[in-house]
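The analysis underlying the following values was restricted to heavy atoms, covering all of them including side chains, and did not include hydrogens, waters or symmetry mates. Below, chain A is the first sequence line, B the second, and so on; all start at residue 1.
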Protein chains: 2
Amino acid sequence: MVQKSKRPPSAAKIEAPVAPKRRGRPRAYEPEVALGKALDLFRRDGFAATSLDDLSAATGMNRPSLYGAFGDKRELYIKSYQRYRDDARAAMVDIFRADAPLRERLERIYRIALDIYLSGESGPRGCFTVMTAASEAVSDPGIRTMVVEGLTELDKAFGICFRHAKERGELPEGADPAALAHLASATIHTIAIRARARVPRGELEAIVKGALDVLCAAK
Amino acid sequence: MVQKSKRPPSAAKIEAPVAPKRRGRPRAYEPEVALGKALDLFRRDGFAATSLDDLSAATGMNRPSLYGAFGDKRELYIKSYQRYRDDARAAMVDIFRADAPLRERLERIYRIALDIYLSGESGPRGCFTVMTAASEAVSDPGIRTMVVEGLTELDKAFGICFRHAKERGELPEGADPAALAHLASATIHTIAIRARARVPRGELEAIVKGALDVLCAAK
DNA sequence: GGAATTAAGTGCGAAATGGTACAAAAAAGT
DNA sequence: ACTTTTTTGTACCATTTCGCACTTAATTCC
């Protein structure tokens with residue numbers, strides 16, 4: 001692992017995965033985990049109510065380092081949101097692609113969603129997209145674009161699910177995959193909101209079950 | 001704190017509806033309209049991003065007057081939220097009570113909802129409950145209680161709708177009114193979120209139509 | 001007219017906030 | 001050893017924020 005010799009001039013190696021041998025003083029933090037901490041704060045308190053002092057304390061980085069690493073507060077917020085979406089997508093993409101019956105796929109999606117929304121030491125953290133949409137999206141065009149992307153991405157993923165299920169004959173002829181997808185997204189949104197209001201998981205699961213009964217039966 | 005401190009010994013009369021003949025200097029503002037202005041600000045920017053200076057400017061009241069009339073910022077926020085809920089309820093209660101076919105009732109409810117969410121000079125204002133749930137509900141028990149109340153109130157209103165429709169034979173025997181109600185609420189929530197992201201009304205109406213096709217399907 | 005009462009208006013102040021300048025520190029290159 | 005490069009850490013600044021004292025103004029009651 002310790003390929004410490006100087007870079008062979010001819011060898012066009014891929015970026016070394018470890019020990020990049022940077023030039024100056026080494027960082028005292030890991031950007032990934034610091035961003036994760038920032039994400040936690042933003043998710044709990046929102047943009048305006050999260051101060052740079054809070055972020056500094058949570059990440060262990062002092063403000064200038066924070067600024068140097070991620071840019072100003074808004075940039076850090078956006079990077080946090082991107083990170084959130086990457087994580088959420090990574091957690092769901094396999095299930096969306098899996099070749100399983102409709103109901104089973106949806107059940108797994110909602111289980112993941114509830115895990116995401118309900119986790120958190122100081123209360124359920126909800127959905128970053130919903131939080132951001134609710135507050136920042138009106139006034140910030142850049143953030144608004146990201147929110148719309150996030151919403152439509154989910155719509156599309158569900159849409160593929162339902163279209164696929166219909167082709168397989170799991171849904172009646174008259175079923176409208178797009179409409180069902182929007183209802184599936186709506187169910188995601190409603191449980192995200194309720195989770196934030198500390199509605200217990202059991203109730204949320206009941207709401208999901210009722211929704212699946214309607215969406216999968218759809219007759 | 002149960003008993004009112006000092007009560008006028010002789011005057012036990014009901015509050016006069018007009019010309020209350022108050023004692024000191026008259027107010028230079030009308031509490032109702034001032035609260036409305038505060039509500040507008042809170043809806044646009046959320047709790048943390050709305051400063052007392054903003055509120056003071058919008059209401060025309062200086063800070064001490066604001067404080068005297070409504071209490072501190074959090075109290076003003078809560079009163080604004082109550083006002084919002086009163087307004088929204090007033091706008092919908094007649095429709096919920098009306099004796100009309102299911103689909104028509106729902107269509108009217110969603111039309112009102114879209115009016116509420118999309119109005120606003122500086123962009124769509126969204127739903128106060130959704131905004132509040134997303135940000136303040138986790139950390140503030142009092143606000144959380146109000147949010148939960150608001151959510152369940154809507155669930156119940158929709159629930160009555162669907163139960164009534166089922167009794168009238170507008171829905172099939174197997175229909176689950178509670179599940180349908182949750183989906184109807186979820187549709188409210190999803191359009192509130194999308195409205196905040198400036199999704200145009202046409203798209204929101206299409207989502208509503210698709211949802212109604214499923215919820216009223218009753219095939 | 002004067003006391004009492006209620007609200008408006010000015011302005012203060014302590015704390016917090018976002019952002020940055022600047023020097024010290026830790027590593028690599030020469 | 002000395003320079004270069006990159007980051008850290010301290011300290012600071014201008015502004016904003018919330019809340020409140022205190023004075024002034026307007027009105028009713030006696």
Side-chain angles (χ1 to χ4, degrees), chain A residues 2-9 16 18-35 37-38 41-42 45-80 136 139-140, chain B residues 5-11 13 15-16 18-35 37-38 41-42 45-80 136 140:
Chain A
V2 199
Q3 181 91 5
K4 67 184 285 190
S5 60
K6 24 184 165 180
R7 300 191 310 184
V18 191
K21 267 305 170 58
R22 296 177 56 91
R23 189 87 152 59
R25 174 171 176 169
R27 290 203 189 102
Y29 58 91
E30 290 171 62
E32 291 303 312
V33 313
L35 190 57
K37 299 286 190 184
L41 276 200
F42 278 132
D45 298 331
F47 177 78
T50 303
S51 72
L52 285 185
D53 277 338
D54 298 334
L55 292 164
S56 179
T59 58
M61 304 163 64
N62 43 38
R63 275 197 307 260
S65 295
L66 255 177
Y67 201 79
F70 302 111
D72 70 1
K73 191 183 172 187
R74 179 175 168 278
E75 284 182 85
L76 177 52
Y77 185 80
I78 289 178
K79 290 193 169 81
S80 297
E136 317 304 324
S139 48
D140 190 311
Chain B
S5 55
K6 257 209 173 152
R7 188 171 282 232
S10 55
K13 44 180 70 169
E15 303 248 359
V18 191
K21 259 326 178 31
R22 296 179 55 93
R23 191 84 152 62
R25 175 173 176 169
R27 289 202 189 104
Y29 59 90
E30 290 170 62
E32 291 302 312
V33 313
L35 190 58
K37 299 286 190 184
L41 277 199
F42 278 133
D45 299 329
F47 177 78
T50 303
S51 73
L52 285 185
D53 277 337
D54 298 334
L55 292 164
S56 179
T59 58
M61 304 163 64
N62 42 38
R63 275 199 303 275
S65 295
L66 256 177
Y67 201 78
F70 303 111
D72 70 1
K73 193 183 172 186
R74 180 174 168 277
E75 284 181 85
L76 177 52
Y77 185 79
I78 289 178
K79 290 193 170 82
S80 298
E136 317 304 324
D140 190 311

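- With distances taken from any side-chain atom of B/Arg27 to the nucleotides C/dA8, C/dG19, C/dT17, the minimum falls on C/dA8.
- Residue contacts shown for B/Ser56 are absent, as no nucleic acid heavy atom lies under 4.0 Å away.
- When the shell of 6.0 Å around NZ of A/Lys79 is examined, it contains more than 12 heavy atoms from other residues, nucleotides or ligands.
- Taking only distance into account, the side chain of B/Arg25 meets the base of D/dA25 through a donor-acceptor pair shorter than 3.5 Å.
- Between A/Leu76 and A/Leu35 the shortest side-chain heavy-atom distance falls below 4.5 Å.
- In this structure, the OH atom of A/Tyr67 is 9 Å from the C1' atom of C/dG18, given to the nearest Å.
- Distance CG (A/Leu55) to C1' (C/dG19): 13 Å, rounded to an integer number of Å.
- Ring-plane geometry between B/Tyr29 and B/Phe70 is classed as tilted, the angle between the planes lying from 30 to 60 degrees on a 0 to 90 degree scale.
- Between B/Asp53 and B/Arg63, the closest side-chain pair of non-hydrogen atoms falls below 4.5 Å.
- Comparing D/dC18, C/dA8, C/dG18 by their closest approach to the side chain of A/Arg63 singles out C/dG18.
- Rounded to an integer number of Å, the gap from A/Leu76 CG to C/dG18 P is 11 Å.
- When each of A/Thr50 and B/Pro26 is assigned the nucleotide of DNA chain C bearing its nearest heavy atom, the one mapping closer to the 5' terminus is B/Pro26.
- Contact of A/Arg23 with D/dT4 (side chain to base): a donor-acceptor pair of N or O atoms is detected under 3.5 Å.
- The separation between A/Glu75 atom CD and C/dG18 atom P is 15 Å, rounded to whole Å.
- Checked against C/dG18, D/dC20, D/dT17, the side chain of A/Leu52 finds its nearest nucleotide in C/dG18.
- Per the geometry, CG belonging to B/Asp53 stands 14 Å off P belonging to C/dT10, to the nearest Å.
- Between A/Met61 and B/Asp72, the residue anchored nearer the 5' end of DNA chain D, judged by the nucleotide with its closest heavy atom, is A/Met61.
- For the pair B/Tyr67/B/Leu52, no side-chain contact is recorded, criterion being any heavy-atom separation below 4.5 Å from C-beta on.
- The listed nucleotides are D/dC20, C/dT20, C/dA8; the one nearest the side chain of B/Ser65 is C/dA8.
- Atom CG of A/Asn62 and atom P of C/dC22 are 17 Å apart (whole Å).
- Separating the NZ atom of A/Lys73 from the C1' atom of C/dT17 is a distance of 8 Å, rounded to the nearest angstrom.
- Atom CZ of B/Phe70 and atom P of D/dG19 are 15 Å apart (whole Å).
- Side-chain proximity of B/Ser51 to C/dG18, D/dC18, D/dC20: nearest is D/dC18.
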